[in-house]
Amino acid sequence: TGAEIVTLRGHSREVNGVAITPDGKRAISASEDKTLKLWDLATGEMLATFTGDGAIASCAVAADGVTVVGGDWLGRVYFLRLEGLRG
């Protein structure tokens, strides 16, 4: 319907990319504030934050739903695993 369900608040600068986990329950966001954030899409709660060395330009979640890749404007690539999180 196009209706807003939840607003994800927590980044201090622009968001450059968002990836949704395969199960549709979580999202990863990449921001100019040098962070990747993990969100619970049902509640809007921020579950975790990773801080990189530069502004994060992009993010993706692998089909396994556990592996996250983020890339920053400095050319670094970050590989993260979503483990031990509730929900």
Side-chain angles (χ1 to χ4, degrees):
T1 65
E4 182 178 316
I5 298 170
V6 66
T7 300
L8 307 176
R9 298 188 191 279
H11 284 293
S12 61
R13 302 223 20 226
E14 296 86 2
V15 172
N16 293 319
V18 175
I20 307 298
T21 57
D23 64 8
K25 294 181 180 179
R26 295 183 176 148
I28 304 292
S29 56
S31 173
E32 290 289 318
D33 66 8
K34 301 181 181 180
T35 67
L36 287 166
K37 292 188 182 287
L38 175 66
W39 306 91
D40 181 310
L41 290 177
T43 65
E45 178 185 6
M46 185 186 342
L47 301 173
T49 299
F50 168 81
T51 303
D53 295 320
I56 309 293
S58 60
C59 59
V61 180
D64 66 8
V66 176
T67 305
V68 173
V69 180
D72 70 21
W73 292 115
L74 300 173
R76 291 180 178 91
V77 177
Y78 304 98
F79 293 89
L80 309 167
R81 293 191 50 85
L82 304 178
E83 295 180 350
L85 298 168
R86 64 185 182 277

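Quick caveat, the model's predicted, so the values are computed rather than measured. Computed from heavy atoms alone, side chains included, the values below leave out hydrogens, waters and symmetry copies.
The line from CD1 of Ile28 to CG of Leu36 is 7.0 Å long, rounded to the nearest 0.5 Å. To the nearest 0.5 Å, the span separating CD1 on Ile56 from CZ on Arg76 amounts to 9.5 Å.
Ion pairing between Asp72 and Lys34 fails under the 4.0 Å rule for side-chain N and carboxylate O.
At a threshold of 4.5 Å between non-hydrogen side-chain atoms, the residues Trp73 and Asn16 count as touching. Side-chain contact between Val69 and Val77 is present, with heavy atoms from C-beta onward closer than 4.5 Å. A heavy-atom distance below 4.5 Å is not found between the side chains of Ile20 and Arg26. For the pair Asp40 and Lys25, the minimum side-chain heavy-atom distance is 4.5 Å or more. With a 4.5 Å cut-off on side-chain heavy atoms, Leu38 and Phe50 do not count as touching. Residues Leu82 and Val68 have side chains in contact (heavy-atom distance under 4.5 Å, counting atoms from C-beta outward). The closest side-chain heavy-atom distance from Glu4 to Val6 is not below 4.5 Å. No side-chain heavy atom of Val18 sits less than 4.5 Å from a side-chain heavy atom of Cys59.
A donor-acceptor pair is defined here as one N or O able to donate and one able to accept, closer than 3.5 Å; no such pair exists between the side chain of Ser31 and the backbone of His11.
Residues Trp39 and Ser29 come closest through the heavy atom pair NE1-OG, 2.7 Å. When all heavy atoms of Ala62 and Pro22 are compared, the closest pair comes out as O-CG, 3.6 Å.
Side-chain polar atoms of Lys37 and Thr49 form a donor-acceptor pair below 3.5 angstrom.
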